[in-house]
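Chain letters run A, B, ... following the sequence lines, proteins first, then strands; residues in each count from 1.
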Amino acid sequence: MTSRRDFIKISAMGAGVLAMSSGTYGAIKLISSPENASKLRVDLKRTPTYCEVCFWKCAGWVYKTSEGKIWKIIGNDEDQHSNGRFCPRGTGGVGMYYDEDRLKTPLIRVKERGKQVFREASWDEAFEYIAAKMKDISSKYGPESMALFTHGSGSAYYTNLTKAYGSSNIAEPSYAQCRGPRDEAFMATFGEEVYSPEITDIRDTKCLVLIGSHIGENMHNGQIQEMSDAIDKGVTIITVDPRFSTAAGKSKFWLPIKPSTDIALLLAWINEIIFNDYYDKKYVEKYCSGFDKLKEHVKDFTPEWAYGITTIKPDLIRKTAKEMADASPSVIVHPGRHVTWYGDDTQRVRAVAILNALLGSWGRRGGFYRPAKFAVPSAKIPKYPEPKKTWTDAFPGKYPIASSPVSNALIAASIPENKPGILIKGWIVNGTNLISSIPNRPDTIKAIQNLDLIVAIDTMPMEITGWADVVLPECTYLERYDALRISPYRKPAIALRMPAAEAKNSTRSGYNIARGLAVNLGLEAYVPFEKQEELLDWQLKQIGSSLEEMQRVGVKTSEREADDLYFAENEDVVFSTDSGKIELFSKAFEDAGFDPLPKYVAHEEPAEGFYRLIYGRAPMHTFGRTLNNPNLTDLMKENSVWVNPKVSKEWGLKAGQYIWLKNQDGVVSDFPIKVRITERIRWDSIYMVHGFGHGQKQLERCFGKGASDTQLITKVLIDPIMGGTGMRGNFVTFVTEKTEKEVAS
Amino acid sequence: MRYAMAVDTRKCVGCSDCVVACQTENNVPIGFCRDWVVEVMDGTYPQLEMEIRSERCNHCENAPCVRCCPTGASQKIEGGIVVVDHNKCIGCGACMASCPYDARYPHPAGYVDKCTFCEHRIKNGLSPACVAVCPTKCLYFGDLHDLNSNVSVILKRRKFKTLIPEAGTNPQLYFLI
């Protein structure tokens with residue numbers, strides 16, 4: 001058995017061992033230095049912030065040393081998102097500020113696109129350059145030919161700017177590359193999405209079902225904390241994953257499913273729950289429509305039927321269905337977050353939503369709660385011009401259910417040979433590295449080469465900034481004000497972010513950049529407050545607070561107006577669906593030409609010698625954004641490819657060996673990746689953490705470390721319902737030596 | 001007074017927040033750490049078990065590092081906390097060689113450094129930085145002589161183990177299983 005035992009220090013490898021084995025320790029100059037000893041610091045100043053290292057946006061305090069240096073960031077005890085505890089990325093957020101590779105000054109491209117030859121420019125010059133090009137695009141093609149791709153807290157300002165300019169082509173990769181199918185599936189079923197942070201009442205649940213959702217590796221702070229509280233209270237966790245995830249290690253039941261067969265398992269669970277009368281009859285009768293059609297639809301989808309597809313034994317399917325029923329309504333079949341897997345993702349999450357409805361968990365304690373949110377007035381601005389065309393005119397009739405612009409559709413609309421109904425000629429890209437966040441990289445680059453203007457706004461030199469005509473350096477969240485954080489949660493709350501330090505170099509905040517562009521475009525009226533703090537103070541005074549108060553407390557939480565966190569007994573609830581009911585059978589989907597009830601469809605399987613590429617998260621990194629952060633790089637420097645021992649034996653792979661991965665289309669990873677031989681992955685798949693393998697040389701710490709999953713995702717399974725990019729239909733094989741040609745390319 | 005820590009391996013997700021919180025709190029230079037995370041796997045797919053542990057100095061009752069230190073820099077202070085007096089340390093590395101847990105590292109400034117249970121915080125009524133930050137609340141810290149302390153209560157309620165008990169150091173880091 002011992003040979004099968006992995007023994008891995010996940011992070012910050014034992015430094016002592018390294019030093020001793022290298023034999024250098026004795027040579028270190030031995031000077032005792034009391035000034036370096038950790039001592040209690042006095043006169044600490046703390047500044048409120050909310051974190052920007054991920055989208056959870058936990059509120060906390062930035063502490064500085066008596067010399068005024070940023071020292072540490074600690075959670076705010078009053079904050080519901082963090083409960084005073086930041087995750088590793090938030091704690092390591094200080095590294096974002098200190099990273100010496102940050103963008104420092106505006107840059108204007110001087111050679112052809114992608115060659116990365118820039119000259120430094122002043123802000124005025126950069127603004128004038130962009131404004132001239134944008135005016136040019138507007139007069140030549142119409143303002144609708146500009147698109148914004150955006151992520152993070154700056155989004156609000158650039159969205160306002162883009163709308164004021166006359167375009168509604170504003171896409172967040174977090175929709176079509178991530179949570180979009182989930183939002184549409186829950187909208188179609190419950191008439192409501194699950195929001196961010198998700199309204200999952202994990203702390204009080206008795207049964208948590210995770211389908212490919214790896215809480216603990218995705219460090220969504222509130223969910224981790226609540227899962228831990230639930231473990232203390234004896235929750236039953238059921239994890240469905242081809243990989244033995246961290247959550248699987250905490251689970252009573254782990255279902256090591258064959259990848260791409262989740263819908264079959266979900267249908268079998270629905271069958272089991274309906275035909276054993278496990279479902280919440282009163283709830284279904286009162287709130288749901290389409291039950292009879294659902295019952296008829298799933299009648300043949302027995303656990304035995306699913307066994308042949310999923311490789312999960314019927315007995316285990318039955319047992320887990322019973323566990324859910326026993327916990328009902330305090331059960332959560334988790335909607336997940338990154339759900340763009342196989343192109344039928346909206347249908348899969350519909351099955352998840354239906355299962356929750358049958359178990360009566362929506363609106364119930366330990367299921368899904370009703371969120372509450374502060375209403376804060378916005379600044380008065382003129383009406384936005386009405387765009388003559390929108391992204392939906394690019395490819396009419398496609399993705400009819402999409403409620404947000406689809407980033408990949410906007411990229412396709414930037415390539416003339418696709419003959420889009422509206423040709424996109426200019427991009428503003430804020431805080432999202434499209435080269436790494438959008439699959440099928442060659443298409444993204446082709447689109448860029450057809451643009452008249454591409455502006456990239458970021459704190460770090462990412463691959464996308466290398467492709468830009470103009471690069472605008474933003475300061476980090478530790479050096480700026482931002483809009484109030486007003487997110488839905490159990491109680492309404494607001495949080496303030498204010499600068500803890502002066503903006504480094506020539507960087508500027510998102511608000512200031514957007515205002516600078518607005519002034520140069522003659523759109524100043526849309527950004528009426530010169531300074532963001534004036535706007536914040538005005539807003540806060542409208543709701544009985546002030547900037548001064550928020551600077552002191554950081555977070556302000558109020559009680560809910562009514563005691564309505566959950567549905568009351570027999571409450572009459574009108575859902576925001578067409579029928580006003582929870583729609584088990586979706587008429588809206590049927591009308592749009594899609595299956596009104598989810599069906600299982602078999603997906604392509606790997607060819608001989610190929611393995612399905614599965615990717616995921618590591619708790620200390622947020623996608624590719626944090627990889628150069630000195631504190632977080634120290635915790636995880638590179639990704640590895642997880643290979644089952646059966647597979648490594650067949651290939652003669654050794655643990656720790658560096659290899660390249662080659663996908664079904666012949667794409668070989670730019671950089672080698674370390675082999676991790678582990679029982680934690682199925683023999684038909686390999687796993688790697690997303691975001692690594694950066695090809696941007698200016699990122700000194702992370703350039704070329706590990707391999708990029710995105711580079712290997714060239715086959716994209718588009719969800720016809722809402723345009724999501726399914727990314728788990730790619731297969732890779734191992735390359736132990738690169739040929740000269742491959743190295744040269 | 002006898003300070004001790006318990007780590008709930010059933011809750012720890014191995015996120016390394018304890019590591020980075022310690023590094024920032026104590027100005028541990030990048031590339032070194034006073035605490036770390038270990039993952040132990042057992043079994044064959046799909047019959048698997050995994051244990052994740054946040055580890056650090058065991059603040060042993062019978063600490064070999066204290067015994068072998070030639071200058072008296074490695075010493076025990078109130079509550080059984082093992083610390084290194086940086087002024088007295090000559091960086092000879094004897095303590096590092098003697099520690100069964102590999103819990104010390106050579107600070108680039110020339111002395112040996114290790115976990116102090118954030119002694120500077122606990123004397124002000126705060127918990128160690130790793131305990132305060134842990135999102136899973138899997139770390140319990142307190143005085144074993146106080147029967148109502150967090151750590152005493154959890155050790156009474158749960159099964160636990162220590163690491164390498166055969167080394168005979170009487171470690172004070174307990175792992176709840």
Side-chain angles (χ1 to χ4, degrees), chain A residues 1 4-17 19-20 25-26 28-34 36-40 71-72 74-75 85-88 91-92 94 216-217 219 221 224-225 228 231-232 244 246 249-250 254 256 619-620 630-632 634-635 644 678-680 682-683, chain B residues 10-11 13-17 19-21 23-27 30-33 35-46 48-52 86-93 96-97 99 102-111 116 120-121 123-124 129 132-138:
Chain A
M1 265 337 244
R4 292 214 180 88
R5 244 168 113 92
D6 284 341
F7 185 84
I8 299 162
K9 280 188 176 182
I10 293 180
S11 62
M13 302 289 285
V17 175
M20 287 210 284
Y25 178 58
I28 292 175
K29 199 158 176 263
L30 309 174
I31 306 167
S32 69
S33 47
N36 282 322
S38 61
K39 55 190 178 226
L40 190 68
W71 170 32
K72 62 178 181 180
I74 303 290
R85 292 163 184 263
F86 265 25
C87 86
T91 308
V94 287
E217 286 159 290
M219 206 63 205
N221 197 350
I224 300 269
Q225 295 194 16
S228 199
I231 289 173
D232 267 342
F244 190 73
T246 299
K250 314 281 174 205
W254 170 44
M620 57 290 281
N631 297 74
L632 301 179
D634 197 33
L635 299 176
N644 184 281
T678 175
E679 293 284 354
R680 293 180 61 186
R682 266 176 81 104
W683 49 85
Chain B
R10 276 159 47 183
K11 291 199 287 184
V13 294
C15 71
S16 302
D17 204 0
V19 180
V20 65
Q23 285 171 325
T24 56
E25 173 69 33
N26 296 302
N27 293 328
I30 294 217
F32 299 97
C33 59
D35 54 355
W36 60 91
V37 172
V38 169
E39 172 195 310
V40 185
M41 284 299 303
D42 211 347
T44 310
Y45 194 99
L48 296 172
E49 272 182 53
M50 173 164 57
E51 182 175 287
I52 304 177
H86 298 163
N87 293 313
K88 284 188 183 169
C89 178
I90 56 167
C92 70
M96 287 171 53
C99 175
D102 187 20
R104 297 171 164 234
Y105 75 92
H107 193 289
Y111 53 84
T116 62
H120 64 286
R121 286 172 58 93
K123 73 181 177 206
N124 287 295
V133 80
C134 177
T136 68
K137 291 180 231 157
C138 77

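- In this structure, the side chain of A/Asp634 engages the main chain of B/Gly31 through a donor-acceptor pair within 3.5 Å.
- Within the 3.5 Å criterion, the main-chain N or O of A/Pro256 finds a donor-acceptor partner in the side chain of A/Arg682.
- The parts of B/Cys134 that come within reach of chain A are both its backbone and its side chain, each placing non-hydrogen atoms under 4.5 angstrom from that chain.
- Considering only heavy-atom pairs separated by less than 4.5 Å from chain B, the leading option among A/Asn221, A/Asp232, A/Asn644 is A/Asp232.
- Remark: side-chain polar atoms of B/Lys11 are paired, donor with acceptor, to backbone N or O of B/Lys137 under 3.5 angstrom.
- Looking at B/Ala21, both its backbone and its side chain come within 4.5 Å of chain A, counting heavy atoms on both sides.
- Using modelled atom types, no side-chain atom of B/Arg104 and backbone atom of B/Met96 make a donor-acceptor pair closer than 3.5 Å.
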